[in-house]
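Here is the structure we will look at, set down as structure tokens.
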Amino acid sequence: MDEMEEELKCPVCGSFYREPLILPCSHNLCQACARNILVQTPEADSPQSRRASGSGGSASDYDYLDLDKMSLYSEADSGYGSYGGFASAPTTPCQKSPNGVRVFPPTVPPAAHLPPASAATLAPVPRNSCLTCPQCHRSLILDERGLRGFPKNRVLEGVIDRYQQSKAAALRCQLCEKAPKEATVMCEQCDVFYCDPCRLRCHPPRGPLAKHRLLPPAQGRVSRRLSPRKISTCTDHELENHSMYCVQCKVPVCYQCLEEGKHSSHEVKALGAMWKLHKVVRDQISHCTVKLRQTTGLMEYCLEVIKENDPSGFLQISDALIRRVHLTEDQWGKGTLSPRMTTDFDLNLDSGPLLQTIHQLDFMQMKVAWFSFDPNTAHSDVIFSNDNLTVTCNSYDDRVVLGKTGFSKGLHYWELSIDRYDNHPDPAFGVARMDVLKDVMLGKDDKAWAMYVDNNRSWFMHNNSHTNRTEGGITKGATVGILLDLTRRTLTFSINEDQQGPVAFENLEGVFFPAVSLNRNVQVTLHTGLPVPDFYNTRGSMQ
């Protein structure tokens, strides 16, 4: 639909058509814009005077298809155009409209013939007025009816109304997989519209995204439109802007990269110079892209016109629309869109660095992991919601649920917020093997390492062995953190961002899945992709 917008805008004023007229060449003009670009043809050069004198040939000599052949222009022309077919008509300088097409402005009549100021807007069209289509440059002589001789395009007005209504409709979430829900916020930093479920799943309020600014959707759309272009910064030095370009590596670099000697033996050029050099190719691509966008807009407009329910309105424009489609098809067939590329234009794909990177990938070693609970491996009594990020259990007995992602390397941290906590249940949090028992508390067998906690204290448990009773429990709104460090092979817990007890377990080895056991209506929500908390001492001195 967005591509169709260009088809709905007047080539003279650049705004949506107002009272559009259908020209014989099948293009459209606002009625007011058509009046603004009229020029007066000398009486001696009108078709009527030529026929009267017998020197002008048949009326078909002035058919607009013939006139079009004399009003063609190229990108390299002088910027002047003539009103095709009238040899003595004065040439008038061209100017560009907001849409980038050429417009022939009206000539200024002699002062003696200017109408009074009060009647300027209602002045009749001068006799022998000539109108040149700003899109195809076909010249047309108006008859005694003036602009009233051109039918009004009511169908186009209806399409514009429907298009503007659809643009004014509620903004939709950009991350919903099937039917997008109505967006509730827009993240100014991510430049993404979210519904509530997708925001909770992909943009948690805790962790590295907590400082992002969330705006109402309407305000976000305005902010996106008005925000300035972001300046590219170096990925290795966040405070430095890109200022140079490495020809060998084919990447922008900053001054600090050069000072560190990363590109000391490479050819380095100014970023602006390389931008201009590469933009020559970009201009060639843009030439074809503009044509493609215009054609796509025309086809989308045709699809909207087909929906028209007014028979007379549809038949009024159908022939003209078919001619436009055929003309566009001819342009493609004649090769007018051939890219203007130089002979030395060449593209080479060096796959060596990509293959080297692929070979170095380790899919199990993740610094930051995003995951949810897995309903396929959980006990059947566990209830899932919020895209499998929130779980609860009505059973009096303990029921186990695992995360979808298993870890064998690296440092990983995730949290669980306590959404509901009644009747003093004692949920357990930790890690487990895939084949852990699902109908007992986490840690009862030798396949799980956990901390179970009530409203007063907590214990660590593995293979049904309880250790390290620690004061301090959980309530509704509390946060339990689990830190799995497989580099040092340890498991540590926290409550409300403070470490709970000593290091819980050591000498861990193998594949571990995040795990929780629930009972008696306790409800928790999972938060992943979080940085390591401050309480964790990276020097390994925790005891």
Side-chain angles (χ1 to χ4, degrees), residues 1 3-38 47 59-60 62-72 83-85 97 99 101-104 125 129-143 145-163 291-334 336:
M1 289 289 288
E3 294 287 353
M4 185 176 62
E5 185 166 316
E6 289 194 17
E7 192 68 27
L8 307 182
K9 290 185 177 180
C10 174
V12 176
C13 64
S15 302
F16 287 112
Y17 285 105
R18 295 183 296 275
E19 297 184 306
L21 303 177
I22 310 173
L23 304 182
C25 59
S26 306
H27 290 113
N28 299 281
L29 277 179
C30 295
Q31 185 174 13
C33 295
R35 180 176 292 274
N36 287 339
I37 65 172
L38 286 175
S60 63
Y62 298 97
D63 185 83
Y64 66 84
L65 291 175
D66 294 326
L67 295 177
D68 181 60
K69 298 175 183 178
M70 304 184 67
S71 60
L72 294 176
Y83 301 109
S97 74
N99 273 1
V101 299
R102 297 181 173 227
V103 177
F104 292 83
V125 175
S129 292
C130 175
L131 177 67
T132 299
C133 175
Q135 290 182 282
C136 66
H137 302 285
R138 293 170 181 167
S139 299
L140 310 164
I141 298 296
L142 277 63
D143 57 19
R145 295 175 297 172
L147 295 177
R148 293 193 304 275
F150 300 134
K152 291 186 177 181
N153 196 338
R154 300 300 184 192
V155 175
L156 177 56
E157 287 184 318
V159 172
I160 292 174
D161 288 341
R162 293 198 298 270
Y163 178 79
K291 292 294 184 183
L292 179 62
R293 186 173 64 249
Q294 292 172 346
T295 304
T296 304
L298 174 61
M299 299 312 297
E300 289 187 353
Y301 171 59
C302 290
L303 292 175
E304 283 295 315
V305 169
I306 290 174
K307 301 175 185 177
E308 180 59 41
N309 295 323
D310 178 15
S312 61
F314 178 81
L315 293 174
Q316 183 183 45
I317 69 163
S318 60
D319 289 338
L321 201 54
I322 291 172
R323 285 198 299 271
R324 285 197 58 197
V325 173
H326 285 168
L327 178 62
T328 302
E329 183 181 12
D330 291 340
Q331 287 180 342
W332 283 97
K334 293 177 182 178
T336 55

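These numbers were taken from a predicted model, which means no experiment stands behind them.
- Put simply, the side chain of Arg324 never gets that close to the backbone of Cys25: no donor and acceptor are under 3.5 Å apart.
- Nearest heavy atoms, Val159 versus Glu304: CG1-CB, 3.9 Å.
- Asn28 approaches Tyr17 most closely through the heavy-atom pair O-OH, 3.4 Å.
- Atom CG of Asn153 and atom CD of Glu19 lie 12.5 Å apart (nearest 0.5 Å).
- At least one side-chain heavy atom of Leu131 sits less than 4.5 Å from a side-chain heavy atom of Leu23.
- Side-chain atoms of Thr132 and Leu140, non-hydrogen and from C-beta on, never get closer than 4.5 Å to each other.
- Across all non-hydrogen atoms, the minimal contact from Arg18 to Cys13 is NH2-SG, 4.2 Å.
- Listed by chain and residue number, Arg154 satisfy the side-chain hydrogen bond (donor to acceptor under 3.5 Å, both in side chains) test with Glu157 (two or more places apart in sequence, or in another chain).
- Of all the heavy atoms in Cys30 and Phe16, the pair that sits closest is SG-O, 4.4 Å.
- Evaluated for a side-chain contact (heavy atoms from CB on, under 4.5 Å) with Leu29, the options Leu147, Asn36, Ile37 yield exactly one hit, Ile37.
- Legend: residues meeting side chain to side chain contact (heavy atoms under 4.5 Å, CB included) with Asp310, ordered by chain and number and at least two apart, are Glu308, Ser312.
- One finds the CD atom of Gln135 at 8.0 Å from the SG atom of Cys10 (value rounded to the nearest 0.5 Å).
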